[in-house]
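Below, chains carry the letters A, B, ... as their sequence lines are ordered, and counting in each starts from 1.
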Protein chains: 2
Amino acid sequence: MLVNLSAKTTRESGGKQAGVQSIRRALAVIQVVADHNRSGVGLSKIAGEVGLTPSTTHRIAAVLVDEGILSHNGATKLYHLGIGLYLLGSSARQYQVRDIYRDTLEKIAEQTGDTVFLIMQSGYDALCVDRVVGNTPIQILSLNIGERRPLGVGAGSLAILASLPGDQRERIMRHNRRRYAAYPGYSPDDLARMIKMYREQGFVVNTVTPYTIGVGTCVHDEEGTLIGAVSVSGIVSQMDRKRQKQIAALIKSAIQ
Amino acid sequence: MLVNLSAKTTRESGGKQAGVQSIRRALAVIQVVADHNRSGVGLSKIAGEVGLTPSTTHRIAAVLVDEGILSHNGATKLYHLGIGLYLLGSSARQYQVRDIYRDTLEKIAEQTGDTVFLIMQSGYDALCVDRVVGNTPIQILSLNIGERRPLGVGAGSLAILASLPGDQRERIMRHNRRRYAAYPGYSPDDLARMIKMYREQGFVVNTVTPYTIGVGTCVHDEEGTLIGAVSVSGIVSQMDRKRQKQIAALIKSAIQ
DNA sequence: TGTCATTTTTCACAATGTGGAAGGAAAAAA
DNA sequence: TTTTTTCCTTCCACATTGTGAAAAATGACA
């Protein structure tokens, strides 16, 4: 074998799981085409960039075209992204707000030096839609983009829960009751206290990962509809009461 | 084998090409998750819908999660679409206008009964971004969504070329000179004549597929920037000069 | 505590995916 | 024009990769 992408000489060695080579390769092909989507890419260039033989690349690209993920121009022989990929991506519209708040998050991260999160509600969950890290040496990365937590767990997550109408909030908390048990400091009493805090002062402060503190507040659109929440996380020692208030004020002014 | 998705008993039988089973399966898994993206889906439901065993489905879903295409909630065991899929879909932004003009195209298709196309420029190509078929028994489907033609070939395509500034137009026509040769009725003289027609009367009429005629005109945004073109295709016998003008007027009023 | 419904891991087997080689097709050079 | 080069596509023997039944693990519910 000329190329050995995932460095696997025998099954299961190397660490990566086995049995999915071709799927990984297909995704790599799609990524290369995405990188050259504007002008299009030829087969041999794709093959070169993913490190496969032209024949294997051709077979993979042919299925992707057949499935509408890529499109192929018979005259120019160039591959572009297909309508199928766009439609699939459009199904993932939970991430759309990301584009709107990117700049705002970056601004907050720059001014605080801490990690900033954009959180949205998704059913009974809080979904992390975006994350920007600051330039402070210690960053809180316990929550990745695309990850979910029970609605209520985490600063942004809790801010959303607290600002929901009472009946919805009750239903969600009842549904998540068992899930809260996995997090220390999320007893019904703790939750009630934090929700009250949010309603009184307009932001919430809490801890999910030990030794860290998050400060969060909700984001609404011009009409006052709830969109999601923005939160900033740092280590406990750098998050005294005064700084918490400053950060809450900073978030609010950044999101207008 | 319990299930036989692409009906393939021995290699290469059945018609579909061999050697890509797992990629097709992975795409099927993504599609099922997309269908249940709002609420999330469990493994056994995915397995049931794509017709695979839980173990195979699990392996496929695990790679997709690892690659960020899907996301998986460890607590609820539900799968959702991942940020990776959204980002890939965002790379295919050439299809974005589609969402804006969908309704307009459908309206035109209903009123004319013919096939309506939304065409955009993409480099030296015209890209078919959307297509809506009418209710007339004969429909012109020679151009599929995602397909490309040299800019200038086709009614919408030609309308775009004709409305570009002179120097750009020259450069594109020079680049495409050889490609035009594949289409009858696309000599330099023919092209010049059709471009002149567009500039004089605001729409263009031409033939790519024999026995069919397309009528096309450009779409601009509020500021007058060129977005693309809309065209209507029907069979020659139903496209006399009078109807061509009617259709051109109809398109123009529909797109405002 | 035990039962039931899931998800996850394991493993022997062969079907699927592989890439070298050869055939085409089209562009570039002579 | 013909030759050379480059790139795309098809073919096929081989073994790596993907498969699914079964077993193990997890968790919900009573």
Item checked: Closest approach of A:Cys218 to A:Ala159 (non-hydrogen atoms, all atoms of both residues) ->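 Closest pair (atom of A:Cys218, atom of A:Ala159, distance): SG-O, 3.2 Å.
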Any pair with a residue in [range] that passes salt bridge (charged side-chain N to carboxylate O under 4.0 Å, His left out), sequence neighbours left out, goes on the list, sorted by first then second residue, please.
| range | result |
| --- | --- |
| residues 118-130 of chain A | A:Arg98-A:Asp130, A:Arg102-A:Asp130, A:Asp125-A:Arg148, A:Asp125-A:Arg179 |
| residues 153-171 of chain A | none |
| residues 183-194 of chain A | A:Asp190-A:Arg193 |

Note to self: I'd like to check the side chain to side chain contact (heavy atoms under 4.5 Å, CB included) partners of A:Val236; sequence neighbours left out, ordered by chain and number.
What the structure shows: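 For A:Val236 the side chain to side chain contact (heavy atoms under 4.5 Å, CB included) partners, ignoring immediate neighbours, are A:Ile213.
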Checklist line | Counterpart residues, ring pair (Phe, Tyr, Trp, His ring centres under 6.0 Å), relative to B:Tyr124 (two or more places apart) | finding: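 Result, ring pair (Phe, Tyr, Trp, His ring centres under 6.0 Å) vs B:Tyr124: B:His175.
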Item checked: Global bending angle along the helix from C:dT1-D:dA30 to C:dA22-D:dT9, which compares the axes of five pairs at either end, to 10 degrees -> 50°
Checklist line | Stretch residues 37-47 of chain B: residues that reach within less than 4.0 Å of DNA chain C through a heavy atom | finding: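 Close to the strand are B:Gly42, B:Leu43, B:Ser44.
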Margin query: Taking only side-chain N and O atoms of B:Arg59, does any of them lie within less than 4.0 angstrom of OP1 or OP2 on D:dG18?
Written below: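 Answer no for this pair, as no side-chain N or O of B:Arg59 is under 4.0 Å from OP1 or OP2.
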Extract from the structure each pairing of a protein N or O with an N or O of nucleotides 28-30 of chain D at less than 3.5 Å, listing the distance.
unit_1: D:dC29; atom_1: OP2; unit_2: A:Arg178; atom_2: NH1; d: 3.4
unit_1: D:dC29; atom_1: OP2; unit_2: A:Arg178; atom_2: NH2; d: 3.4

Next item on the list: Go through the structure and list residues passing salt bridge (Lys or Arg N to Asp or Glu O under 4.0 Å) with A:Glu67, not counting sequence neighbours.
Entry: B:Arg24
Checklist line | Pairing residues for B:Lys77 by the salt bridge (Lys or Arg N to Asp or Glu O under 4.0 Å) criterion, not counting sequence neighbours | finding: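 B:Lys77: no salt bridge (Lys or Arg N to Asp or Glu O under 4.0 Å) contacts found.
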Listed pairs under 3.5 Å, donor-acceptor, residues 26-35 of chain A side chains, sequence neighbours left out:
unit_1: A:Gln31; atom_1: NE2; unit_2: A:Asp35; atom_2: OD1; d: 3.1

Next item on the list: Using the ring pair (Phe, Tyr, Trp, His ring centres under 6.0 Å) rule, collect all pairs that involve residues 23-73 of chain A, keeping only residues at least two apart or in two chains.
Entry: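 Pairs touching residues 23-73 of chain A that pass the test: A:His72-A:Tyr79.
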